[in-house]
Visitor: 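One structure is given below, represented as structure tokens, and several questions about it will come after.
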Amino acid sequence: MPQTTCNVASIEKLNAFLYRIFLKPTKSVSFKAGQYVSVIMGEGDKRHFSIANAPSNDLIELHIGATPENKYAMQVVEKMQSGEPLEVEIANGVAYLREDSSRPIILMAGGTGFSYVKSILESIVELNLKNPVHLYWGVKEYSHFYFEEQAIDWSTEHSNINFHPVVELPEEGWLGKHGYVHQAVLADFSDLSMFDIYIVGRFEMAKVAREDFVKQGALIEHIYGDAFAFI
């Protein structure tokens, strides 16, 4: 995979642990909605992050959850904060949006995996695709819905897009879905055979979700997730 030099256009801290970062490639690049960037940290050291915007954008948007305990991500953020150019690989991954498919779509994201589905949803809107879309976004607690307004706007402005927020540990008064995000999908659809399903999140979550979805009729060739290349 060819490397591209990027400059850091901006860094914004969205909450205590989440950074929204825009990279500006020094040459024209192309990618598909749902692909990811690999940041080159050293010889044999590549750190992978979903691209959070549609391919029509000239910048590369990343959402990086980073704390001092999470060296994998924090070291990347610190490198970006230094202002020095980065070497990256763009357009990695095979879990990109199948634009020619007419099947209904389930997008399932855990935590900052929302960046992955954001890229796909932006493309669905731009391309005016009419597939029914069900976005399931699962977080540990409600405050972690860092782009909830955007998700709600998609669902209110586009009749084919449905947003299903899921809170694993809900506070008193939460009336929405709760528990594990993939279980919310299983509860809503008794037969998953008709869907294209896109999964992003922790590897163990992706593995269990795929296994349970197949048991409920999902076709494995229509389940997409880059985590499956690592598990």
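Throughout, numbering of the chain's residues begins at 1 and tracks the sequence. Computed from a prediction, not measured in an experiment: that's the story for all the values here.
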Visitor: Just by distance, do the side chain of S119 and the backbone of S115 share a donor-acceptor pair under 3.5 Å?
Guide: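 Such a contact is absent between S119 side chain and S115 backbone.
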Visitor: How about F163 and E148: do any of their side-chain heavy atoms sit closer than 4.5 Å?
Guide: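 Of all side-chain heavy-atom pairs linking E148 with F163, at least one is under 4.5 Å.
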Visitor: Please check this pair: side chain of N15 against backbone of F17, looking for a donor-acceptor N/O pair closer than 3.5 Å.
Guide: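 Present.
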Visitor: Between P55 and S123, is any pair of side-chain heavy atoms under 4.5 Å apart?
Guide: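 Heavy-atom side-chain distance check passes, below 4.5 Å.
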Visitor: Work out which heavy atom in K79 is nearest to a heavy atom in S82; give both atom names and the distance.
Guide: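 Minimum heavy-atom separation between K79 and S82: O-OG, 2.5 Å.
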Visitor: Please tell me whether Y116 and L127 are part of a single hydrophobic cluster in this structure, the criterion being side-chain heavy atoms less than 4.5 Å apart.
Guide: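 Yes, it is one cluster - the side chains of Y116 and L127 are joined through contacts under 4.5 Å.
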Visitor: Is it the case that the side chains of H48 and N92 hold a donor-acceptor pair, with the cut-off being a distance below 3.5 Å and no angle test?
Guide: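 N92 vs H48: no donor-acceptor pair found between side chains.
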Visitor: Rounded to the nearest 0.5 Å, how far apart are CG of L18 and NE2 of H63?
Guide: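 That separation rounds to 7.0 Å.
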Visitor: Pairs in or reaching into residues 155-175: which pass salt bridge (Lys or Arg N to Asp or Glu O under 4.0 Å), with residues at least two apart or in two chains?
Guide: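 Qualifying pairs, neighbours excluded: K140-E168.
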Visitor: Counting distance only, does the side-chain N/O of N53 pair as donor-acceptor with the main-chain N or O of L59 below 3.5 Å?
Guide: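 Confirmed, N53 side chain pairs with L59 backbone.
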Visitor: Decide if atom CD of E149 counts as having more than 12 heavy atoms of other residues, nucleotides or ligands within a radius under 6.0 Å.
Guide: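 For E149, atom CD is not crowded (no more than 12 foreign heavy atoms under 6.0 Å).
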Visitor: For D188, which of Q183, H134, K177 qualifies under side chain to side chain donor-acceptor pair (under 3.5 Å)?
Guide: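 Going through the options one by one, the only one that passes is K177.
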Visitor: With a cutoff of under 4.5 Å between side-chain heavy atoms, which Ile, Leu, Val, Met, Phe, Trp and Tyr residues group with I51?
Guide: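 Once heavy-atom contacts under 4.5 Å are chained together, I51 belongs with V8, I11, Y19, I21, L23, V29, F31, V37, V39, M41, F49, I60, L62, I64, Y72, M74, V76, V77, M80, L86, V88, I90.
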Visitor: How long is the span from the CD1 atom in I220 to the CZ atom in F228, to the nearest 0.5 Å?
Guide: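 Those atoms lie 8.0 Å apart.
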Visitor: With the side chain counted from C-beta on, respond yes when V185 and F213 share a heavy-atom pair under 4.5 Å apart, and no when they do not.
Guide: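 With C-beta onward as the side chain, the pair touches.
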Visitor: Look up atom OG in S50 and atom CD in E61, then write down how far apart they are to the nearest 0.5 Å.
Guide: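 If we round to the nearest 0.5 Å, S50:OG and E61:CD are 11.5 Å apart.
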Visitor: What pairs meet the salt bridge (Lys or Arg N to Asp or Glu O under 4.0 Å) rule with one or both residues in residues 119-139, with sequence neighbours excluded?
Guide: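 Pairs touching residues 119-139 that pass the test: K118-E122.
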Visitor: Taking only residues two or more places apart in sequence or in another chain, which ones pass salt bridge (charged side-chain N to carboxylate O under 4.0 Å, His left out) with R98?
Guide: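 R98 satisfies salt bridge (charged side-chain N to carboxylate O under 4.0 Å, His left out) with no residue once adjacent residues are dropped.
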Visitor: Establish whether W174 and V181 are linked, either directly or via other cluster members, by ILVMFWY side-chain heavy-atom contacts under 4.5 Å.
Guide: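 No.
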Visitor: Under the 3.5 angstrom rule, does the side chain of E141 hit a backbone N or O of L169 as a donor-acceptor pair?
Guide: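 Checked: no pair found.
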Visitor: Provide the closest heavy-atom pair for V167 versus Y142 in the form atom of the first, atom of the second, distance.
Guide: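 Looks like CG1-N, 3.9 Å.
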Visitor: Verify the neighbour count for atom NE2 of H178: are there more than 12 heavy atoms of other residues, nucleotides or ligands below 6.0 Å?
Guide: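 No - once you tally the heavy atoms of other residues, nucleotides and ligands closer than 6.0 Å, there are 12 at most.
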Visitor: What pairs with F203 under side-chain contact (heavy atoms from CB on, under 4.5 Å), at least two apart in sequence or on another chain?
Guide: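 Partners of F203 by the side-chain contact (heavy atoms from CB on, under 4.5 Å) criterion, ordered by chain and then number, come out as A227, F230, I231.
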Visitor: Evaluate the side-chain proximity of P85 to N7: yes if any heavy-atom separation is below 4.5 Å, no if none is.
Guide: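 Yes. Closest side-chain heavy atoms under 4.5 Å.
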Visitor: Compare every heavy atom of N131 with every heavy atom of S101, then report the nearest pair and how far apart it is.
Guide: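 Residues S101 and N131, closest heavy atoms: O-ND2, 2.7 Å.
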Visitor: Rounded at 0.5 Å granularity, tell me how far CD1 in I223 sits from CD in E211.
Guide: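 Answer rounded to 0.5 Å: 10.5 Å.
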Visitor: Is V133 linked to Y136 within one hydrophobic cluster, defined over Ile, Leu, Val, Met, Phe, Trp and Tyr using a side-chain heavy-atom separation of less than 4.5 Å?
Guide: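 Unlinked, V133 and Y136 end up in two clusters.
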Visitor: Indicate, with yes or no, if I120 and W154 share a hydrophobic cluster defined by side-chain heavy-atom contacts under 4.5 Å among Ile, Leu, Val, Met, Phe, Trp and Tyr.
Guide: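 Result: yes, single cluster for both.
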Visitor: Kindly give the heavy-atom pair with the smallest separation between G65 and N70, and that separation in Å.
Guide: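 The answer is O-ND2, 3.3 Å.
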Visitor: First locate atom OG of S102, then atom CG of L129, and finally report the distance between them rounded to the nearest 0.5 Å.
Guide: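 S102 OG to L129 CG: 10.5 Å, rounded to 0.5 Å.
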Visitor: Which residues end up grouped with V94 if you chain together Ile, Leu, Val, Met, Phe, Trp and Tyr wherever their side-chain heavy atoms are less than 4.5 Å apart?
Guide: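 None; V94 is a cluster of one.
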Visitor: Determine the interplanar angle of the F114 and Y146 rings, folded into 0 to 90°, and report it as parallel if under 30°, tilted if 30 to 60°, perpendicular if over 60°.
Guide: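 Aromatic pair F114/Y146 classed perpendicular.
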Visitor: When clusters are formed by joining ILVMFWY residues with side-chain heavy atoms under 4.5 Å apart, either directly or through shared neighbours, do Y224 and L192 land in the same one?
Guide: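 No; tracing contacts between hydrophobic side chains, which count when under 4.5 Å, never links both residues.
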Visitor: Please report the closest heavy-atom contact between S38 and K46, naming both atoms and the distance.
Guide: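 S38 and K46 have their closest heavy atoms at CB-CB, 4.3 Å.
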Visitor: To the nearest 0.5 Å, what is the distance between CG (N128) and NE2 (H158)?
Guide: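 Between N128 CG and H158 NE2, I get 8.5 Å after rounding to 0.5 Å.
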Visitor: Would you check if Y180 and M205 make a side-chain contact, meaning some heavy-atom pair closer than 4.5 Å?
Guide: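 Contact flag for Y180/M205 side chains = no.
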Visitor: Please check this pair: side chain of R103 against backbone of S193, looking for a donor-acceptor N/O pair closer than 3.5 Å.
Guide: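 It does hold such a pair.
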Visitor: Specify the closest pair of heavy atoms between A218 and I197, including all atoms of both residues, with the distance to one decimal.
Guide: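 In this case the closest contact between A218 and I197 is CB-CD1, 3.8 Å.
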Visitor: Verify, without hydrogens or angle tests, whether W137 (side chain) and H164 (backbone) share a donor-acceptor contact under 3.5 angstrom.
Guide: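 Side chain of W137 to backbone of H164: no pair is present.
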